[in-house]
4 protein chains.
Amino acid sequence: MMRTLEGVLAPVITTFRPDGELDARAFERNVASHLSAGVHGIVVTGSTGEAALLDERERVALVEAARGVTPPDRWLIAGTGAESTRNCILQTRAAAERGADAVLVVAPHYYGSAMTPAALLAHYHAVADASPVPVILYTIPKYMHFATPAEVVAELAQHGNIIGIKDSSGSAELLEGYLGAASADFAVLTGNGGLFRHSLSRGARGGILAVALFAPALAMAVWHEASGGGASAEGAQGAMAPLARRIVGELGVPGVKAALDAVGLQGGPVRLPLLPLEAAQVAEVGELLQAHLTAGA
Amino acid sequence: MMRTLEGVLAPVITTFRPDGELDARAFERNVASHLSAGVHGIVVTGSTGEAALLDERERVALVEAARGVTPPDRWLIAGTGAESTRNCILQTRAAAERGADAVLVVAPHYYGSAMTPAALLAHYHAVADASPVPVILYTIPKYMHFATPAEVVAELAQHGNIIGIKDSSGSAELLEGYLGAASADFAVLTGNGGLFRHSLSRGARGGILAVALFAPALAMAVWHEASGGGASAEGAQGAMAPLARRIVGELGVPGVKAALDAVGLQGGPVRLPLLPLEAAQVAEVGELLQAHLTAGA
Amino acid sequence: MMRTLEGVLAPVITTFRPDGELDARAFERNVASHLSAGVHGIVVTGSTGEAALLDERERVALVEAARGVTPPDRWLIAGTGAESTRNCILQTRAAAERGADAVLVVAPHYYGSAMTPAALLAHYHAVADASPVPVILYTIPKYMHFATPAEVVAELAQHGNIIGIKDSSGSAELLEGYLGAASADFAVLTGNGGLFRHSLSRGARGGILAVALFAPALAMAVWHEASGGGASAEGAQGAMAPLARRIVGELGVPGVKAALDAVGLQGGPVRLPLLPLEAAQVAEVGELLQAHLTAGA
Amino acid sequence: MMRTLEGVLAPVITTFRPDGELDARAFERNVASHLSAGVHGIVVTGSTGEAALLDERERVALVEAARGVTPPDRWLIAGTGAESTRNCILQTRAAAERGADAVLVVAPHYYGSAMTPAALLAHYHAVADASPVPVILYTIPKYMHFATPAEVVAELAQHGNIIGIKDSSGSAELLEGYLGAASADFAVLTGNGGLFRHSLSRGARGGILAVALFAPALAMAVWHEASGGGASAEGAQGAMAPLARRIVGELGVPGVKAALDAVGLQGGPVRLPLLPLEAAQVAEVGELLQAHLTAGA
């Protein structure tokens, strides 16, 4: 039995203790809180989870911790992208062993000019062949400095173990291209909170949205409108958009952590070389949340 | 009495005769047809109008020709951007003299690294001070290779003779930033057909949409839903998106001209160094139109 | 009889009066001074000449003024690049009529994604076919946002009326690619003062160097070493490099004009939207010149 | 006693067996061969060494293997860059324990927009404070998608444990900026074979050059001219430039491995997602070597 890949998925942050080590308890409390807000699942060790700043042991520890508090009817997705196909497969298997339901695999990008369609196809086919759990593609041009071409995605969507793509480009044109590959077996998810309602209306089946970490009601309102014909979520989308733009898009991980602190969850410190927000930025995050969390309710 | 800057505006193409000269009759027929489809106005000598490939005489001739067939209750907007402030002012005055109701001014961009906020403010303030008609800002990162910063737009929006911005970035985040400057006196228009419905729901007041040249009913349906509470235009937006992505975004001016040919208007040749579509691309345009013009109706 | 395209060519600035009009007298004095410093010729209406900020009448006036003070044994090259092939040809013919010995043609770039190899070949072939004088290609990725591919240059080098390329990329790899097309009939010139000596040692036959406007002795010393086996110009190149980097590369046209003012020529004001240097930057230019003009002598 | 950071350093490849595991014997043979050609040292686990595709155990194994065949009077430098400061320090310590004389630290770049001067300073200061061996900065815009600013480098050069920078930008202007920080205690090395002679003449003290892996005599000839006043190396530089451009710059790691195979060392397979060269490209590498290794001798 295969569950449907859809809905609101929360890409959780990684919490650190003052000494810089993982804070697993805070992490579990955050995850439990996100799930109690009704999201369809969580993503651990993604970009918002500072995965690039973690070591391999920490990454599997987070999958394990998340599984402990994530019931089987919610998605637990683990980011397992790596520059080498071999390493990506190792991390994918490790995440599956610890209970991940699926893996989210950002395209390799360090040797960017070598990432031809043939190279991307070879990489993802090898990962999908080897993975014990379904694979979700992930394209984030802001960090990759290219976008996986729509034609490559269309071909990968034919693979039985590749079930979707997260598109964090924020570009309506790229999204439209990926939607050409959408089917019952291949879901397009947006990673852009400002485009969530638009994406759903165009055929996306959900979103992996950092804004859902600190404003879950807004994201869920948009989802309910689209899926169940609930009330218009124009207001919710309108409240979500400036939060997504400023806190997620511009302030990034330190901004998201400050927002979690502001709503009573644990954000806490980031890892170097990321720097914490300045005091004025922390205050701005608080004001944005106050203005828009209420407005969208 | 000042009309409102809103609705669907069609950025008309420039028609050429086989000998390469302007074909003013075909141009007028096109414009009349666009207007009879109900759009709120037209834009001449914009990016879709191959303005960069025209000389100064041709540009004013097109304004004059357009004015002859555009009734006073429809917008006639002329693109008058230029690399030098001085030249932009000359072209702006010339367009106003020939009857343009407003001018659309792309930011100077050749000396891109010199286009600091101070330089952009100096340029637009000088143009707006000198212009006999209202000024609309224009940002198109695809051609400019930067985006006018939201903070600069917010400051320019305070000028009494600057009435709006056309945002062709296709980025939801940039749009959101520009919407921060929106007011009764400053309209945000999108230049991205794939984001038209989204933009209107977020507070944009209209669109300058090449897709409205060959699929005006789709654009108008989206407008009617947003402005008058008409029927849901989800289908119309859905039909418009792939046309905008492929024909406007990827095939560009030659694609738009092929689409006009396909729907019974006159597209005709492009000017060098633009090249005409290949035969297979012309066929593809025809198929896309057949698939989506009907679907969206 | 055809002169050789080689040596040090000075891309002269355009001088303006306080009222913003051309100052032809100052222009002629500058040109005469550059020539008396021994350079092999001048380039008018190039990027350093603010060509993008001039109108067509001004451009031909500058060619005419330059011809008046440039003896027939020195090169007078006019920048005549334009976005449309047609307009480029018109400007090319106008420049040739006023006495230009050759034209320097930057690649069209506004519709950048349409500038395929086929489009670039069509453009340059048409221009070279129509031009009464030899054509020099010009690639400047900083402003064009792409580089004319080496393969395209190699094909264009076969045209009997295309005699060279100016490469302002500052990239040793691109230069190396263009050098693959070098022959007795096709000269590669660098536009990068910091790479002048390197370029000559690699097979370039000269440079079009803004630094030669205010530090001609340094550029000529490098040329004499390379061409005549003169004394080592390592010191001259070493003095030229920081001037080229800071004044030409970073401060741009306003920096070059300030440097001309500092050495007793007439720089004067720039045209909007370019802004003049701040006072501290003017002082910095003076200090750089004092430090390096002497050191390199 | 501190040795001088200068000369020709060879960034060795990582050899793999047919089953995909490290081939330590082939690696040692290669290293011994590079050293016997006279280079001043080697760099392991750099970009050319496919470091991004290795796991942590493999990286330290390579340092250990290299130390075994590298005499104490030659540099053994290990690439230890990582996205997190913490991980970079761990890898740096591990490399030092296995015998690395210095570490080469590429700037973190995944969260590129967060890599402000303050973040880069914090990262490198922490690494340099913690490292048991001297630190060499590394900037490679092709992979990082930004360049460490010259001002940041100047400040880092003041740190007692930071002894130099490898600049792989290939930009003469960036190099010039970094040279502003050069001193007896801070060496600028180029990573661009095409600019080796130029860089030395401008004040660089050496190069970390992939071209030195398969054409060491050319690189050494350039070094000898610059350091000892040996014979002119214009020919050697001329032979090196097209090899560096095509094999290193364009064909990348698979090209370098094919070149090693061609000269009788062991290149062998690359790791996915890198793909091996096509047969025609392998032939081209052979022809380029044949043409230029002889010519430069």
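Naming: A, B, ... by sequence-line order, numbering from 1 per chain. Being a predicted model, the structure only gives us computed values, none of them experimental.
Across A/Ser171, A/Ala244, A/Pro242, A/Ser169, the residue that shares the most heavy-atom pairs under 4.5 angstrom with chain B is A/Pro242. Across B/Gly238, B/Ala172, B/Gly193, the residue that shares the most heavy-atom pairs under 4.5 angstrom with chain A is B/Gly238. The greatest number of non-hydrogen atom pairs below 4.5 Å with chain A, out of B/Ala241, B/Gly203, B/Gly249, B/Gly194, is found for B/Ala241. Among the candidates A/Gly180, A/Gly177, A/Gly170, the residue making the largest number of heavy-atom pairs closer than 4.5 Å to chain B is A/Gly177.
Only the side chain of A/Arg197 comes within contact range of chain B, with heavy atoms under 4.5 Å apart.
The line from NE2 of A/His198 to CD of B/Gln237 is 6.5 Å long, rounded to the nearest 0.5 Å.
With hydrogens and angles disregarded, a donor-acceptor distance shorter than 3.5 Å links the side chain of B/Arg245 to the backbone of A/Glu173.
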